[in-house]
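In what follows, a structure is listed as structure tokens, so that the remarks can point back to it.
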Amino acid sequence: MTGEVRWLSRGLDHVPDGVEWLSPAEVDRLGRMRYAKRSSEFLVSRATAKQTIAMAVGLPTDDPHVLRRIEVRHRPTGAPAPFVDGEPAGLAMSSTDRADRAVCVVTPTAGVAVGCDLELVEERTPGFVASYLTPAEQQVVAAAPTPALTANLLWSAKESALKVLETGLRRDTRSVEVRFGDEVVSGWSALQVHPAEGGVFPGWWRQSGQFLLSVVASAAIAPPVAFEEPDGLGTAAPTHRWMEAPINPARTPGST
Ligand SMILES: CC(C)(COP(=O)(O)OP(=O)(O)OC[C@H]1O[C@@H](n2cnc3c(N)ncnc32)[C@H](O)[C@@H]1OP(=O)(O)O)[C@@H](O)C(=O)NCCC(=O)NCCS
């Protein structure tokens, strides 16, 4: 069976006003964040995830009272788990954000775990390539017509795989090796990630404007389908608005 994956991308401009759309626990968490980098990442990630989950389960995406009923909780590993009205939403999910833009992917396919990662096409140093990539991946970067794109893509697919494994960067990035496939479907190109202990995680990647997005799964998945077309990522400008006002404006006075 091939898993079905849907995805949504949203930016800081899509974050609803106020905090009515956040659950009480999320409002509390937001209030304890000192810096705007953390709070803006939290808000864009939560808004995107809640709207993705709402679309996946057939709820409206623009009603703050509905959105507050949707929560992303975390397993002890740090992996996200979607809940609606305090009950598991019957979906596996993964979230990622970069430069004021977020992506959330979900799958209703039972037994399939997903991981996604959003990156910019940016320069990577020789030290980055030597430290984080396997020898075979380093050769792929050296032979690539666009080494920066390839290095970021390999990194993105690794992060996606490490989210499927639920270890994140606790695990050596060289213990999962990325190989690119030839198949291209609906703007997605095939890839596979091979963990050192055996097995294979299939996935897909795409370049959308200045962003790279990878999606990796624990089993075969069809190319991810956007909940919205155009998906918005291709025309999104990377920004870092927190730099203009570094303190979280929603911080609870007196919190440490
Ligand atoms: C998973 C990880 C690589 C992602 O880091 P990143 O590239 O900076 O951030 P991204 O925006 O791509 O992804 C963030 C999302 O990863 C998800 N995530 C975090 N830990 C995860 C795990 N163990 N497994 C799967 N997903 C995980 C979360 O959903 C998080 O978003 P949220 O907090 O808004 O729900 C990183 O958080 C990590 O290594 N975590 C595990 C180790 C750890 O806890 N380190 C503490 C800080 S060093």
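Both counts, for ligands and for their atoms, begin at 1 and track the order of listing.
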task: May I ask you to check if Arg206 and Trp188 form a cation-pi contact, with NZ or CZ under 6.0 angstrom from the six-membered ring centre and within 45° of the axis?
output: yes
query: Under 6.0 Å from the CG atom of Asp17, do we count more than 12 heavy atoms belonging to anything else shown?
result: no
- prompt: Does atom CZ of Arg38 have more than 12 heavy-atom neighbours from other groups under 6.0 Å away?
  reply: no
field: Pocket residues of ligand 1, ordered first by chain and then by residue number (heavy-atom cut-off under 4.0 Å)
entry: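 Those residues closer than 4.0 Å to ligand 1 by some heavy atom are Ser45, Arg46, His74, Thr77, Gly78, Ala79, Pro80, Ser95, Thr96, Asp97, Asp117, Glu159, Lys163, Glu166, Thr167, Gly168, Leu169, Arg170.
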- prompt: Given a cutoff of under 4.5 Å between side-chain heavy atoms of I, L, V, M, F, W and Y, with clusters grown through shared members, what are the other residues clustered with Val178?
  reply: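 Direct or chained contacts put Val178 with Val121, Phe128, Val129, Tyr132, Leu133, Val140, Val141, Leu149, Leu153, Leu154, Trp155, Leu162, Val164, Leu165, Leu169, Val176, Phe180, Leu191, Val193, Phe201, Trp205, Leu212, Val216.
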field: Same cluster (ILVMFWY, side-chain, under 4.5 Å), Val5 and Val112
entry: yes
task: Indicate if Val44 and Val19 have the same hydrophobic cluster label, given that clusters are the connected sets of ILVMFWY residues with side-chain heavy-atom separations under 4.5 angstrom.
output: yes
